[in-house]
Amino acid sequence: MRLLRSAMTTYTGTRRAGRLAGAAALGLLLGLTQAQAAPTSIAPPPSIADKTEQRKLYNEAQQAIRSGRYTEYRELLAELEHYPLKPYLEYNYINRRFSTLPAEEIADFERDYPRSYLADKLNRRWVEKLAQQGKWADVVTQYRADNATTELTCYYLRGRIIEGDQSAYKEVPELWSVGHSQPKACDPLFANWMDLGGMTDAIAWQRFVKAMDARQSSLARYAAKKMSPQKRRLAELYEEVDGNPRVLRDMSRFGKQSTDMQQIILHGLQRLSLRDAELAHSLWQRYDAQQLFDDNARLETQRYIAVRLLRQGHTSETEALIKATPALSSEDLAEWLVRDALRNLDWHRVNKWIAMLPSEARASERWRYWQARALENTGGSAEQIKALYQQVAQTRSFYGFLSADHLNIPYELVDKPVSVDTVTRDQVSAIGGVQRARELFILGKALDARREWYHTTKQLDERQIIAAGKLAESWGWHRNGIQAMIQVRYWDDLELRFPLAYQEHVNTTAKDLSVAPHLLFAIARQESAFTADARSSAGALGLMQLLPSTAKQTAHRSGMSFSTYDLLEPATNIALGGRYLNQLLNQFDGNRILAAAAYNAGPNRVKQWLSKSKSTSLPYDVWIETIPYRETRGYVQNVLSYSVIYGYRLGEEKPFITPSEARSSL
């Protein structure tokens with residue numbers, strides 16, 4: 001076929017005619033009739049229907065654009081009328097000629113692909129170009145608030161003003177008064193606004209405070225320069241307190257009764273509490289007697305100091321503070337105190353602080369479970385304890401599975417696949433953005449595929465989102481199927497939420513290492529939701545989110561060859577991730593709780609936590625609940641829970657906590 005196609009490029013007819021003639025010639029070579037080779041029905045000809053051939057043509061068209069062979073590009077484009085990525089060719093063609101592009105071509109593209117990812121991207125570029133050319137009337141008409149960046153909004157407001165709409169100045173203060181620098185494109189707008197007297201001390205102070213809170217000191221100083229001399233002195237005091245909050249001990253400098261002075265004091269107390277919460281609390285009591293703080297500001301500051309007291313080990317002081325001011329008892333504070341009580345196995349205090357939680361939090365699975373555990377250890381009613389466990393055991397969750405184990409009853413595994421009617425599924429599959437996302441996904445252009453998908457699905461209703469999720473799962477795009485269920489808050493389709501993705505690779509690794517496949521599935525589901533090209537901010541890669549350094553060490557120990565790029569290949573990533581997990585299991589005597597914690601936070605940190613709790617010897621559920629890192633705590637709970645669900649998905653009943661794990665004291 002390649003030889004035939006090369007020959008056809010020199011044919012004097014059109015590329016389409018050459019293609020059909022080539023198809024007929026190929027049909028004769030294969031013993032077919034000409035009619036069979038080039039059907040005359042209204043369906044697209046084989047060369048168009050054949051996606052493999054379309055992809056070849058698409059790549060040729062892209063190359064033609066890059067090389068400036070526009071006549072060849074247009075001929076190829078005509079052959080790709082029904083190919084989903086045709087808009088990408090048109091967009092790239094427009095990009096190559098953007099500096100001399102007529103407005104009509106932009107309008108045609110936006111009309112042909114309304115509100116698509118590429119049309120919106122093109123609109124933003126076009127408005128920017130119009131502004132740079134000084135075509136302000138066109139900027140105003142072409143600007144779309146739902147598709148704007150801050151830069152474009154500045155152009156739009158400037159355009160309105162130039163075109164005579166002075167009311168646009170009213171929108172400038174909100175745009176200027178932010179805690180970060182704005183684009184340079186906004187500078188002319190801001191300069192005109194200031195020249196006309198728009199700046200006030202109140203606006204400058206507002207930005208100054210936001211910049212200080214955002215730790216943008218240069219911006220804060222810039223905002224201070226816009227203030228009157230009197231206001232600027234307050235800003236200088238604010239900066240002094242920010243840098244050295246201990247100056248608050250000299251109360252004579254902060255005696256003025258004003259909102260600005262109160263902001264300075266409260267900011268300083270919060271800064272001080274980061275280093276010395278005891279001193280901050282002592283000073284707070286004195287300033288609270290001196291200043292008439294707003295009630296909300298008082299409560300916020302007291303809570304902030306209380307949290308810092310806890311983190312610095314002053315538990316009894318915090319409890320005394322909350323006892324004196326019950327309104328301080330926020331969910332975060334009470335949870336911290338419950339966990340402190342659990343860490344010390346002080347079950348009476350556990351009961352006390354659970355009772356201090358807000359009613360909604362107290363009714364959650366987590367705290368009903370711990371209420372039952374506390375009652376068990378403080379001589380509570382057997383009927384009440386059983387009733388609490390039964391309530392929680394009805395949920396498919398970490399605490400539900402723990403409760404089921406306490407009652408020795410089966411786990412609650414509600415599995416109700418969500419249904420999608422054929423009409424909706426067909427409608428969604430026909431949406432241009434969905435088709436483009438799928439084709440980009442197939443071509444391995446993951447970033448572009450995600451952009452198309454998210455841009456398209458955010459415009460869908462709930463019924464269509466579910467259909468899109470089902471479609472994505474059928475293509476092997478597992479993360480999007482999972483995400484669809486999150487978007488519509490439907491939790492009972494276990495097939496979609498917990499796919500058996502890359503099962504062949506998982507089974508191979510599990511067999512090689514004698515590691516349970518449901519645990520490998522659980523780790524991959526938690527780490528990346530089965531996104532093969534996932535990259536974390538810390539540099540972890542692939543399905544099981546391995547750091548290249550960890551993967552390299554694991555590969556060396558296992559006698560495997562390795563390159564960083566290999567981590568984006570599912571087979572390699574699962575093989576190395578499984579081996580690293582197996583090393584952790586061996587290191588922690590097969591205990592999945594500790595291995596999962598180590599997979600997330602690192603084995604050295606887990607050893608530190610174990611050494612700190614050694615004197616207390618905590619039950620496994622208490623140890624998990626009191627893991628210092630919230631992320632790791634949730635990670636371990638999810639991995640254990642997902643293991644049960646994947647056991648169910650694989651047709652195997654797996655215990656939530658193994659007998660050896662249940663017997664262990666951590």
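Being a predicted model, the structure only gives us computed values, none of them experimental.
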I'd like a table of donor-acceptor pairs (distance under 3.5 Å, sequence neighbours excluded) in which one partner is a side-chain atom from residues 378-389, with atom names and distances.
| unit_1 | atom_1 | unit_2 | atom_2 | d |
| --- | --- | --- | --- | --- |
| T378 | OG1 | A374 | O | 2.8 |
| S381 | OG | E383 | N | 3.2 |
| S381 | OG | E383 | OE1 | 3.0 |
| S381 | OG | Q384 | N | 3.2 |
| Y389 | OH | E376 | OE1 | 2.9 |
| Y389 | OH | E376 | OE2 | 3.4 |

- Task: Name all residues meeting the salt bridge (charged side-chain N to carboxylate O under 4.0 Å, His left out) criterion together with E473; count only those two or more places apart in sequence or in a different chain, and write none if there are none.
- Result: none
- Which pair of heavy atoms, one from P517 and one from N507, lies closest together, and at what distance? CB-OD1, 4.1 Å
- With sequence neighbours left out, write down each residue that passes ring-ring contact (aromatic ring centres under 6.0 Å, His included) with F293, or none if nothing qualifies. W284
- Task: Return the set of residues passing salt bridge (charged side-chain N to carboxylate O under 4.0 Å, His left out) with E317 (not counting sequence neighbours), or none when no residue passes.
- Result: none
- Query: What pairs with F401 under ring-ring contact (aromatic ring centres under 6.0 Å, His included), at least two apart in sequence or on another chain?
  - Reply: Y411, F656
- Query: Salt bridge check: are R396 and D415 linked by an N-O gap of less than 4.0 Å?
  - Reply: no
- In short, side chain to side chain donor-acceptor pair (under 3.5 Å) pairs touching residues 532-541 with sequence neighbours left out are R450-D533
- Report the residues that fulfil side-chain hydrogen bond (donor to acceptor under 3.5 Å, both in side chains) with W623, sequence neighbours left out, ordered by chain and then residue number. none
- Message: Going by salt bridge (charged side-chain N to carboxylate O under 4.0 Å, His left out), name the residues that satisfy it together with R339, two or more places apart in sequence or in a different chain.
- Response: E335, E625
- Message: Looking at every heavy atom in both E527 and Y635, which two are closest together, and how far apart are they?
- Response: OE2-OH, 2.6 Å
Show me the donor-acceptor pairs, under 3.5 Å and distance only, between side chains in residues 307-315 and residues at least two apart or in other chains.
| unit_1 | atom_1 | unit_2 | atom_2 | d |
| --- | --- | --- | --- | --- |
| Q312 | OE1 | A277 | N | 3.0 |
| Q312 | NE2 | S273 | O | 2.8 |
| Q312 | NE2 | L274 | O | 3.4 |

- Task: Just grab all the ring-ring contact (aromatic ring centres under 6.0 Å, His included) pairs involving residues 541-578, residues at least two apart or on different chains.
- Result: none
- Message: Do L337 and K352 make a side-chain contact, defined as non-hydrogen atoms from C-beta onward lying under 4.5 Å apart?
- Response: no
- Message: Which residues pass the salt bridge (charged side-chain N to carboxylate O under 4.0 Å, His left out) test with D242, not counting sequence neighbours?
- Response: R215, R271
- Task: Could you tell me whether the side chain of L610 reaches within less than 4.5 Å of the side chain of V606, counting heavy atoms only?
- Result: yes
- Message: Once ring-ring contact (aromatic ring centres under 6.0 Å, His included) is applied, what residue pairs with a partner in residues 476-501 remain, sequence neighbours excluded?
- Response: F441-W477, W453-W477, H478-Y502, F498-Y642, F498-Y646
- Message: Give me the atom names and distance for the closest heavy-atom approach of I482 to P499.
- Response: CD1-CD, 4.0 Å
